There are 2 protein chains.
Amino acid sequence: MDFSIGELARRTKVKVPTIRYYEQIGLMPPPPRSQGQQRRYDDSHASRLNFVRHARELGFEVDDIRELLAMSAKPNQSCAEIDDMARRHIAEIDRRIAHLTTLRAELRRTVDECGRGRVCECRVIEALGDNSHEHGRLDKARSRR
Amino acid sequence: MDFSIGELARRTKVKVPTIRYYEQIGLMPPPPRSQGQQRRYDDSHASRLNFVRHARELGFEVDDIRELLAMSAKPNQSCAEIDDMARRHIAEIDRRIAHLTTLRAELRRTVDECGRGRVCECRVIEALGDNSHEHGRLDKARSRR
DNA sequence: CCTTGAACCTCTAGTTACTATAGGGATTAG
DNA sequence: CTAATCCCTATAGTAACTAGAGGTTCAAGG
């Protein structure tokens with residue numbers, strides 16, 4: 001039913017020291033311990049850690065992730081606040097998907113050209129490099145814990 | 001026609017010390033200098049730096065970006081090699097878009113619920129937290145410069 | 001029960017990718 | 001020509017990990 005930090009690492013592909021680090025900075029809750037002071041985890045920990053890992057891979061900063069986690073499983077928080085947070089994150093996600101889609105299109109074009117035996121010319125820089133669609137990052141004025 | 005590092009920073013929203021850092025690690029080429037040893041940039045630098053910035057925001061590591069840059073503007077490179085690189089990056093981009101889409105859907109559902117005056121319950125962890133769609137990261141066995 | 005080897009503990013130090021500061025020189029507006 | 005502003009190098013600090021040292025706990029086999 002519950003398992004060690006090593007097992008959690010295996011299940012989530014997050015390294016053991018990283019899990020302890022996430023506990024230190026408050027991304028993961030301090031889990032119960034065995035008699036000998038060893039950490040004991042359950043499925044909810046694995047789920048949360050998987051979320052953190054995916055979010056990090058997608059380029060979200062720790063503060064963004066803290067905010068997303070705070071949104072989750074706090075049913076009676078201010079609706080207006082959650083709504084605002086969620087909207088900001090949706091806008092940022094939209095921008096990222098747009099960029100990734102553009103980049104993918106250019107890579108596909110390159111693969112396609114290569115396949116037809118043409119000279120391989122890849123113009124990814126032009127795809128993401130121009131200021132044609134300017135935008136700002138996620139608002140950073142948020143409370144730090 | 002050409003401009004200073006400060007102007008480049010303003011145009012790309014990349015901080016001045018970061019630009020110099022990118023030069024140090026080879027993401028940006030060493031630009032020509034003025035008589036007084038000050039860096040002089042042109043539009044091609046701005047374009048390349050914009051690409052780097054966007055790619056970093058999307059969560060690509062410096063080594064990934066180096067690879068993408070290497071693909072670009074080297075028309076007579078081995079087609080097979082470029083094709084392979086591009087395909088690997090496309091696969092990774094597909095995974096990221098899928099994750100972002102899932103996350104966005106959950107945030108939208110949350111906003112929607114909030115709007116209807118229901119109790120705000122956001123289940124982003126469940127959206128990205130489960131092992132339902134397991135996958136590996138981009139292959140890391142690549143030559144370091 | 002007792003051993004023994006793998007896995008765990010804390011703590012510290014190193015890595016990557018920036019970011020800021022100090023002390024001094026170059027550029028440009030008046 | 002001078003004063004404000006920007007640029008230079010070099011070093012140190014931060015965020016988010018990652019690895020290692022030195023010692024403890026757990027659990028499988030005898």
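As a basis for the values below, the full set of heavy atoms in this structure was taken, side chains included, without hydrogen atoms, waters or symmetry mates. Every chain is numbered from 1 and lettered A, B, ... according to where its sequence line falls, protein lines coming before strand lines. Bear in mind that the values here come from a model prediction, so they are computed numbers and not experimental data.
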Next item on the list: Can you sort out the partners of A:Tyr22 under ring-ring contact (aromatic ring centres under 6.0 Å, His included), two or more places apart, ordered by chain and number?
Entry: none

Distance, rounded to the nearest Å, where [X] contributes [atom1] and [N] contributes [atom2]:
X       : N      : atom1 : atom2 : result
B:Ile25 : C:dT16 : CD1   : P     : 10 Å
A:Lys15 : C:dC9  : NZ    : P     : 18 Å
A:Glu23 : C:dC8  : CD    : C1'   : 13 Å
A:Arg56 : C:dA17 : CZ    : P     : 12 Å
B:Glu7  : C:dT28 : CD    : P     : 12 Å
A:Asp63 : D:dA16 : CG    : P     : 7 Å
A:Ile19 : D:dA16 : CD1   : C1'   : 15 Å

Checklist line | Positive for side chain to side chain contact (heavy atoms under 4.5 Å, CB included) with A:Leu49, one of A:Leu27, A:Val14, A:Thr18 | finding: A:Val14

Select one nucleotide: of [options], the one nearest the side-chain heavy atoms of [X].
X       : options                : answer
A:Ser34 : D:dC6, C:dT19, D:dC26  : D:dC26
A:Ser4  : D:dT18, C:dA7, C:dA17  : C:dA7
B:Tyr21 : D:dT18, C:dA20, C:dC18 : C:dC18

Notebook entry, point to check: So which one's nearest nucleotide on DNA chain C is more toward 5', B:Val62 or B:Gln35?
Noted result: B:Val62

Margin query: Contact between A:Tyr41 and A:Ile19 at the side-chain level, heavy atoms closer than 4.5 Å - yes or no?
Written below: yes

Checklist line | Beyond-backbone contact of B:Glu23 with B:Pro29, side-chain heavy atoms, under 4.5 angstrom | finding: no

Notebook entry, point to check: Do the side-chain N and O atoms of B:Glu67 and B:His89 include a donor-acceptor pair separated by under 3.5 angstrom?
Noted result: yes

Notebook entry, point to check: Is any NZ, NE, NH1 or NH2 atom of the basic residue among B:Glu61 and B:Arg56 found under 4.0 Å from an Asp or Glu carboxylate oxygen of the other?
Noted result: no

Margin query: Between B:Asp112 and B:Arg108 (salt bridge meaning N to carboxylate O under 4.0 Å), is one present in this structure?
Written below: no

Check: Once each nucleotide of nucleotides 8-13 of chain D is scored for protein heavy atoms under 4.0 Å, what B/S/- sequence comes out, 5' to 3'?
Finding: SB----

